[in-house]
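Convention: sequence-line order gives letters A, B, ...; per-chain numbering from 1.
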Number of protein chains: 2
Amino acid sequence: MSTTQSPRSDTRTRIIAVALELFSEQGYEKTSLREIADRLGVTKAALYYHFKTKDDIVHGIVQTMAAPIDETIAWGEQQQWSPEVRDELIRRFAAGMAERAPLLRFFHENQPALRESSAGLEFKDRMIRMIRLVQGPDASFEDRLRATMALFSINSAFFLLKNDQEGLAQHLVDPGNEAKVHSVHEAMDAALTVATEISGLIKG
Amino acid sequence: MSTTQSPRSDTRTRIIAVALELFSEQGYEKTSLREIADRLGVTKAALYYHFKTKDDIVHGIVQTMAAPIDETIAWGEQQQWSPEVRDELIRRFAAGMAERAPLLRFFHENQPALRESSAGLEFKDRMIRMIRLVQGPDASFEDRLRATMALFSINSAFFLLKNDQEGLAQHLVDPGNEAKVHSVHEAMDAALTVATEISGLIKG
DNA sequence: GTCTATAGGACGATAGAC
DNA sequence: GTCTATCGTCCTATAGAC
């Protein structure tokens with residue numbers, strides 16, 4: 001961030017932040033524009049000044065949040081594939097995602113709402129390109145699946161973390177002595193370990 | 001199936017089938033009761049004779065579809081954990097899921113809608129128990145993540161299959177020579193291979 | 001750039017006849 | 001067991017004043 005980004009407006013930025021939070025928590029459909037507006041202390045009509053439709057807010061979220069993934073993809077598409085490049089792709093993806101867990105969660109949990117939206121399709125394209133970069137050329141179906149799981153494990157680590165933090169499913173019998181993790185940093189370290197292991201199975 | 005199950009009624013069964021299909025395709029929120037009723041050639045009010053609420057339909061779906069998972073969990077909870085038991089759990093889970101891909105897809109894509117519903121919580125409990133059985137006792141956070149990814153890979157294989165069948169993302173440049181797969185059987189074989197590999201990383 | 005006011009429609013759910 | 005009819009609520013989105 002060497003240049004000062006000029007946010008199109010402060011309110012616009014705040015709308016995106018609040019919308020992402022609420023969409024992630026409760027889902028796209030269950031979050032009404034009234035709720036977003038109330039949280040910001042404005043009215044619904046004000047939202048419509050900044051965004052043409054509800055779906056357009058999603059588009060704004062993707063545009064502002066997905067930039068690091070694009071950079072990783074652009075980098076990867078210039079490399080000759082090798083196991084080292086593959087591991088570096090995973091490392092960069094994980095690093096970019098660490099601060100962007102809400103975006104991942106939002107996409108993970110709102111697939112139906114996003115399937116028809118252009119923003120959703122764009123994001124899906126990004127993920128498919130990332131998977132292709134990781135799997136390498138002439139990949140078998142198994143290798144495609146391994147690449148998918150390697151990237152997904154980044155994502156899943158944050159869900160496990162979140163469950164641990166919320167103390168979810170504490171009512172279940174036999175929790176055993178399983179290790180919980182309590183910081184984003186710990187979760188990301190573990191995620192990177194497992195993701196690299198799984199991607200190491202490619203072309204095995 | 002040695003005994004003849006008496007379906008509570010044929011219409012009830014048909015409602016569940018259609019609802020599962022539509023919920024999986026378009027999501028829970030975007031599927032209206034009118035749409036389900038129309039597809040069946042009945043009215044909304046008829047649905048309310050069989051199910052108290054829209055959410056109750058989800059409950060019906062889970063009850064009828066999740067039985068094989070319960071059997072696997074019950075079996076697993078009686079075993080002393082070992083790598084062999086772990087692999088057998090994955091094998092049984094995959095076998096049960098092969099015909100039940102729509103259910104997995106439904107849960108994968110409707111997390112927000114299901115978070116507060118009792119049916120959704122019940123299903124989540126099932127998955128947590130499966131993960132705990134696979135990860136074994138005294139699991140590290142990494143092992144928990146590995147177990148999660150092993151089970152998820154079954155699920156993801158069906159998504160890849162579905163994308164291949166739909167010819168999705170064909171517009172993306174550089175499809176390469178990646179291998180596509182065209183039958184559920186092939187996808188399940190691959191899924192089992194990868195899931196076993198990943199679970200083999202546990203306690204590595 | 002934000003407001004009030006409201007159009008206009010879809011939805012889940014219920015009442016009561018048959 | 002299925003119907004018609006409707007209630008009450010909530011929604012996205014727009015028009016127009018300030």
Side-chain angles (χ1 to χ4, degrees), chain A residues 6-62 64 106 109-110 112-120, chain B residues 6-62 64 106 109-110 112-120:
Chain A
S6 71
R8 290 215 236 163
S9 87
D10 183 55
T11 303
R12 192 190 152 92
T13 306
R14 287 171 61 231
I15 291 171
I16 286 177
V18 168
L20 176 55
E21 187 187 332
L22 292 178
F23 288 166
S24 300
E25 259 170 37
Q26 336 176 332
Y28 176 78
E29 326 267 5
K30 291 190 98 162
T31 303
S32 68
L33 296 179
R34 196 183 68 73
E35 203 172 355
I36 298 172
D38 283 359
R39 181 82 72 108
L40 288 166
V42 298
T43 63
K44 279 189 295 176
L47 303 184
Y48 277 97
Y49 173 81
H50 294 279
F51 298 94
K52 244 172 39 200
T53 65
K54 188 182 181 186
D55 204 86
D56 197 37
I57 298 180
V58 175
H59 198 82
I61 291 176
V62 176
T64 36
F106 168 59
E109 307 206 345
N110 287 282
L114 295 165
R115 185 156 309 128
E116 294 135 42
S117 93
S118 64
Chain B
S6 71
R8 290 215 238 164
S9 86
D10 181 56
T11 302
R12 191 189 152 93
T13 306
R14 287 170 61 229
I15 292 170
I16 286 178
V18 167
L20 176 55
E21 187 188 331
L22 291 178
F23 289 165
S24 300
E25 260 170 37
Q26 335 174 334
Y28 177 78
E29 325 266 5
K30 291 191 97 163
T31 303
S32 68
L33 295 179
R34 199 184 66 74
E35 201 174 356
I36 298 171
D38 282 359
R39 183 80 74 107
L40 288 166
V42 297
T43 63
K44 275 193 296 178
L47 303 184
Y48 277 97
Y49 173 81
H50 295 278
F51 298 95
K52 248 173 33 203
T53 64
K54 189 183 180 185
D55 204 86
D56 197 37
I57 298 180
V58 176
H59 198 82
I61 291 175
V62 176
T64 38
F106 168 59
E109 307 205 346
N110 288 282
L114 295 165
R115 185 157 309 128
E116 294 134 42
S117 93
S118 64

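- Listed by chain and number, the residues in a side chain to side chain contact (heavy atoms under 4.5 Å, CB included) with B/Ala119 are B/Val58, B/His59, B/Val62, B/Ser117 (sequence neighbours excluded).
- Taking a heavy-atom distance under 4.0 Å as the criterion, the stretch of DNA chain D touched by chain B extends 5' to 3' from D/dG1 to D/dT4.
- Rounding to the nearest 0.5 Å gives a distance of 7.0 Å between CD1 of B/Ile36 and NZ of B/Lys54.
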In the 5'-to-3' direction, what one-character label does each nucleotide of nucleotides 4-10 of chain C receive under the scheme B = base within less than 4.0 Å of a protein heavy atom, S = sugar-phosphate only, - = no such atom? B------
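- Remark: A/Tyr48, A/Thr53, A/Lys54 in residues 48-58 of chain A come within less than 4.0 Å of DNA chain D through at least one heavy atom.
- Interatomic distance, A/Ile57 CD1 to A/Leu33 CG, rounded to the nearest 0.5 Å: 5.5 Å.
- Take B/Asp56 and apply the side chain to side chain donor-acceptor pair (under 3.5 Å) test, not counting sequence neighbours, and it matches no residue.
- Residues forming a side chain to side chain donor-acceptor pair (under 3.5 Å) with B/Gln26 (at least two apart in sequence, or on another chain): B/Thr31, B/Glu35.
- Sorted by first and then second residue, the salt bridge (Lys or Arg N to Asp or Glu O under 4.0 Å) pairs involving residues 12-26 of chain B (not counting sequence neighbours) are B/Glu21-B/Arg39.
- Scored by the side chain to side chain donor-acceptor pair (under 3.5 Å) test, B/Lys30 finds A/Glu116 as partners (sequence neighbours excluded).
- Residues A/Val42 and A/Ile15 form no side-chain contact, since every pair of their non-hydrogen atoms from C-beta on lies 4.5 Å or further apart.
- If you take NZ on B/Lys44 and CG on B/Asp38, they are separated by 10.0 Å, rounding to the nearest 0.5 Å.
- Among residues two or more places apart in sequence or in another chain, the ring-ring contact (aromatic ring centres under 6.0 Å, His included) test is passed with A/Phe23 by A/Tyr28, A/Phe106.
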